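Report on the following structure.
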2 protein chains.
Amino acid sequence: MKFSKATDYALHALMYMIHRDGETTKIPVQDLSLALNVSTTYLSKVLTRIVKANYISSTSGAKGGYRLQQNWENVSVYDIVVAIDGVQTLFEDSFDHGEECRIQATMMEAQENLINTLKNKKLKDLTV
Amino acid sequence: MKFSKATDYALHALMYMIHRDGETTKIPVQDLSLALNVSTTYLSKVLTRIVKANYISSTSGAKGGYRLQQNWENVSVYDIVVAIDGVQTLFEDSFDHGEECRIQATMMEAQENLINTLKNKKLKDLTV
DNA sequence: CCAATTATAGATATTATAAATCTATTATAT
DNA sequence: ATATAATAGATTTATAATATCTATAATTGG
Ligand code: SF4
Ligand code: SF4
């Protein structure tokens with residue numbers, strides 16, 4: 001019942017990028033790594049997932065780096081969580097007696113509330 | 001971002017006890033273990049935490065076993081989660097820049113929503 | 001008191017997963 | 001061509017959850 005550190009790193013890297021230059025400049029992982037105190041290789045691996053999910057872009061080579069996409073303002077915290085950790089289920093029913101079960105239903109409801117909260121928070125909201 | 005299996009087992013054991021006899025009979029872990037298909041030793045270890053939290057009682061020796069407390073109806077799903085896994089934080093801030101941070105605040109809010117949902121579900125509600 | 005039954009405690013082992021590193025490769029600018 | 005930077009894949013390390021094992025303590029009934 002814990003978010004991964006990778007998600008933590010990703011969110012912070014994004015916040016750093018947002019505060020730095022918006023979507024104008026390419027920022028090498030080196031810079032982010034320094035700011036967050038995380039190894040370049042690991043952070044790069046994490047950010048690659050955000051690239052794959054198309055919330056940031058990347059360019060290799062000299063003067064390359066990561067850059068926010070135009071749509072960044074509408075990306076939600078949940079989007080990032082999913083990009084990093086995939087779609088998670090809070091509750092893994094060890095037995096599963098079917099739909100109408102109250103334990104399952106309760107956990108699902110709790111999970112929905114959690115997810116909706118995170119869906120409703122856009123990255124932009126985090127900057128205010 | 002997952003509830004533990006132990007919590008799963010505990011909830012199911014409790015449901016079993018509730019459906020069996022309410023708070024009248026002592027049920028040996030053997031029975032529960034059989035019903036849930038979990039080893040007696042492990043299940044016992046899990047249930048001991050529920051005993052410690054005072055939601056069920058236990059008596060050793062022949063004719064012993066676990067029994068619901070009078071107050072079981074008002075025990076919430078969250079109570080069980082805490083009894084098993086302790087108070088958990090969904091988000092471990094790797095850096096922590098303080099109170100006013102929006103990332104932290106968002107995660108806290110999401111966590112609160114999750115917890116409140118589980119607090120509002122009593123074991124009794126699960127039987128309906 | 002004795003034997004059977006049952007929970008508990010503590011140590012240990014097993015498994016699973018996340019976190020991190022390392023190496024090699026590919027892409028780009030100058 | 002060289003330096004820079006991302007990516008991929010393999011591998012290692014760390015951590016926590018899950019589970020088992022063994023010994024001990026408590027209770028019942030004879
Ligand atoms: S009681 Fe509900 S949660 Fe438990 S095994 Fe059955 S379906 Fe799953
Ligand atoms: S930005 Fe917020 S979440 Fe990130 S380290 Fe600072 S306080 Fe923590």
Side-chain angles (χ1 to χ4, degrees), chain A residues 1-13 17 25-34 36-69 81 83-86 88-92 94-95, chain B residues 1-10 12-13 17 25-34 36-68 81 83-95:
Chain A
M1 212 175 126
K2 199 64 91 180
F3 289 102
S4 66
K5 280 195 169 194
T7 296
D8 192 10
Y9 297 153
L11 285 172
H12 282 89
M17 291 169 78
T25 330
K26 292 178 213 153
I27 305 181
V29 74
Q30 174 84 28
D31 291 20
L32 298 164
S33 160
L34 217 73
L36 301 186
N37 198 33
V38 181
S39 79
T40 55
T41 41
Y42 189 53
L43 188 55
S44 178
K45 173 150 295 186
V46 169
L47 290 181
T48 299
R49 314 203 79 171
I50 308 290
V51 172
K52 289 273 174 54
N54 219 359
Y55 303 132
I56 61 178
S57 66
S58 68
T59 40
S60 298
K63 306 280 173 187
Y66 296 98
R67 178 160 52 181
L68 293 165
Q69 299 278 55
V81 170
I84 300 294
D85 292 327
Q88 297 275 349
T89 49
L90 215 48
F91 182 67
E92 212 67 64
S94 304
F95 313 101
Chain B
M1 210 174 127
K2 198 63 93 179
F3 289 103
S4 66
K5 280 195 168 192
T7 295
D8 193 9
Y9 297 152
H12 281 88
M17 292 169 78
T25 330
K26 293 178 214 153
I27 305 180
V29 73
Q30 175 84 27
D31 291 19
L32 298 163
S33 160
L34 217 73
L36 301 187
N37 200 34
V38 181
S39 79
T40 55
T41 39
Y42 189 53
L43 189 54
S44 180
K45 173 149 296 186
V46 169
L47 290 181
T48 299
R49 316 204 76 171
I50 308 290
V51 172
K52 290 270 173 56
N54 219 1
Y55 302 131
I56 61 178
S57 65
S58 69
T59 39
S60 298
K63 306 280 174 186
Y66 297 98
R67 178 160 53 181
L68 292 165
V81 170
I84 300 294
D85 291 328
V87 176
Q88 296 274 351
T89 49
L90 214 49
F91 182 67
E92 213 66 65
D93 190 338
S94 304
F95 313 101

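Note that the structure is a prediction, hence the values are computed from the model and not measured.
Residue A:Lys5 is the one, among A:Lys5 and A:Lys26, whose nearest nucleotide of DNA chain C lies closer to the 5' end (criterion: closest heavy atom).
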- For nucleotides 4-11 of chain D, read 5' to 3', which letter fits each nucleotide if B means a protein heavy atom sits under 4.0 Å from the base, S means only the sugar-phosphate is that close, and - means neither? BBSBSBB-

- For B:Asn37 and B:Tyr9, run side-chain contact (heavy atoms from CB on, under 4.5 Å): C-alpha distance rounded to whole Å, both residues' side-chain angles, the deciding distance at 0.1 Å, then the answer. CA-CA 10 Å; B:Asn37 200 34; B:Tyr9 297 152; over 6 Å; no

- Message: With side-chain contact (heavy atoms from CB on, under 4.5 Å) as the criterion, how do B:Ile84 and B:Ser4 come out once you've worked through the C-alpha distance, each side chain's angles and the decisive distance to 0.1 Å?
- Response: CA-CA 8 Å; B:Ile84 300 294; B:Ser4 66; 4.1 Å; yes

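Side-chain atoms of A:Ser33 come within 3.5 Å of backbone atoms of A:Val38 as a donor-acceptor pair (strictly under, hydrogens ignored). Distance alone, capped at 3.5 Å, is enough to place a donor-acceptor pair between the B:Lys2 side chain and the A:Thr89 backbone.
When all heavy atoms are compared, the tightest approach of A:His12 to B:Phe91 is CE1-CZ, 4.5 Å. Nearest heavy-atom pair across B:Arg49 and B:Ala83 is CB-O, 3.7 Å. Listed here is the closest heavy atom pair of B:Val46 and B:Ala6: CG1-O, 3.6 Å.
The nearest whole Å value for the distance from the OH atom in B:Tyr9 to the C1' atom in D:dT20 is 13 Å. A straight line from OH of A:Tyr42 to P of D:dT13 spans 16 Å, rounded to a whole angstrom.
Contacts between chain A and DNA chain C, taken as any atom within less than 4.0 angstrom of a protein heavy atom, begin and end at C:dA19 to C:dA29.
Residues satisfying the side chain to side chain contact (heavy atoms under 4.5 Å, CB included) criterion with A:Lys26, sequence neighbours excluded, are A:Thr59, A:Arg67.
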